[in-house]
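The next block holds one structure in the form of structure tokens; read it before the comments.
Atoms within each ligand, like the ligands themselves, are counted from 1 in listed order.
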Amino acid sequence: KSAITNDDDYKVRKKLDEADDLLELGQLDEALQKFDSIIRKHPTSPRAHAGKADVLDKLAEKKRSNQLLEESIKVYGQLLTFPDVPAELMKKSARRLADRQQFRGWGRQSVKTMQFLVDRFPDDVQLQRELGVNHLMVGQDKEAKQVFEKILKIHPDDGFAMVHLGFVYQTSDSNPQKAIPLLLVGINSNDPGTQDGRFYFQLGSALQREGRTEEAEAVYQRGANKGLFLSAHQRSLYNVDSLTGRPWWTKEQTGYQKYLKLLEDNWKVIRDEGLSQLNSETGDFMPEDEDLREKGDWKQLTMYAQGRKKSKVCAKVPKTCALIDQIEPAKGCRRGQVKFSVMQPGVHVWPHCGPTNCRIRAHLGLVVPEGPMIRVVNETRTWKEGKFIIFDDSFEHEVWHDGKSFRLVLIVDFWHPELSESLRRSLSPI
Ligand code: LMR
Ligand code: MN
């Protein structure tokens, strides 16, 4: 413990050790009293504050109390301002503080905490890496880039910085040419933190967008061999193991025949409501915003997302929503959406995979001209008015529309039929 004990704390080390022991034993109230009594006599004792903050943190977790969590955050924060805090204790406490701030939803505060640490220990690369990740977690992509670029200036072989910088170039700037070498060399470094599905995913995607298909395939295969993907073609990253995975599904395979029939039987009603919202003045269709398109005009009107109904949208297409409301595995699918999707001629959607293997995606054709096509893995199909096509969008799929007029479909995500009720309830929404 010498590395976390300054000269003043050394004088009361026995008391501090005792309080630490109580904390370790889970005797939280007693530990808190003991730390408090030390603090009364030694108001800037680093170890007593670190211990007190740890206790409050544990109590907060036990009692699920934000108030206690905030008290813990406050005490960690005080500690950072004290003179003569041993480096190791400073790093440990500030890291914990940043983590707790993140957990509390105070992401920007968390970034500030990490920035404080980096300024204090400018030669510690690991802290800079963590700062970069914190920036990413709160969507500060530009700042993250600066941090990782700065690391690479001094440590040009830092694989961790490379994969993260490449990731931002691909996801934030859509710049595959910058992303590819960074992701590739970063992954090949095998450094800690580089063997993550997200980096293989984005490297492959960048290669595909550059037309380097075979190299992309090889990256996906490597990712699958490492167990980062379910397979080279099924690259969702939020998965439940051992669910049946196949690119295309029949109605019978889903077990949802009666629901699919209900919607097919009513397809004209659904179509007319979808059409009524296509007016750009009065409708709410939104351009696809996940950077999936190479080109063209593709918009969606979302009625349900993450298992929640959007009442304002449903007010505009009430009959469609009344139908969906009868379909529990769709309206309650917290890892999917129900939406209209309109595609104008000229669209190309890059090959991509959805985020999760927990849903099955059904498309009901509503307005289907000649021209649009969808490939899932190695089988390409098209839509038919009034009929469903069903696929698992965690598998690679790609869409083209080379026709002369728009295509309109209703997209309905269903829970994967093999997911138990209790799993459905416990999975985090996507
Ligand atoms: C997709 O899910 O990526 C596309 O199939 C959506 C669409 O409108 O065809
Ligand atoms: Mn898709």
key: Closest heavy-atom pair and its distance - Ala305, Thr302   = CB-CG2, 4.1 Å
message = I need the contact residues for ligand 1: any residue with a non-hydrogen atom closer than 4.0 Å to the ligand, ordered by chain then number.
response = Trp298, Ser341, Met343, His352, Arg361, His363, Ile374, Trp383, His397, Val399, Arg407, Ile411
message = I'd like to know if the side chain of Arg104 pairs up with that of Ser110 as donor and acceptor (distance under 3.5 Å, no hydrogens or angles considered).
response = no
message = Donor-acceptor check, side chain of Trp415 to backbone of Gly332, threshold 3.5 angstrom: yes or no?
response = yes
ask   = In terms of heavy-atom contacts, does NZ of Lys58 have more than 12 from other residues, nucleotides or ligands at under 6.0 Å?
value = no
query = Is it true that His233 and Tyr220 have ring centroids separated by less than 6.0 Å?
reply = no
request  = Keeping waters out of it, list the protein N, O or S atoms under 2.8 Å from the Mn ion (ligand 2).
outcome  = His352 NE2, His397 NE2
request  = Kindly write out the residues that satisfy salt bridge (charged side-chain N to carboxylate O under 4.0 Å, His left out) with Asp191, not counting sequence neighbours, or none if the list is empty.
outcome  = none
ask   = Listed by chain and number, what are the salt bridge (charged side-chain N to carboxylate O under 4.0 Å, His left out) partners of Glu288, not counting sequence neighbours?
value = Arg293
remark   = Given the options Val412, Val338, Leu262, Ile327 meets side chain to side chain contact (heavy atoms under 4.5 Å, CB included) only with Leu262
ask   = Step by step, would you call His401 with Phe406 a ring-ring contact (aromatic ring centres under 6.0 Å, His included)?
value = CA-CA 9 Å; His401 187 358; Phe406 70 83; 8.9 Å; no
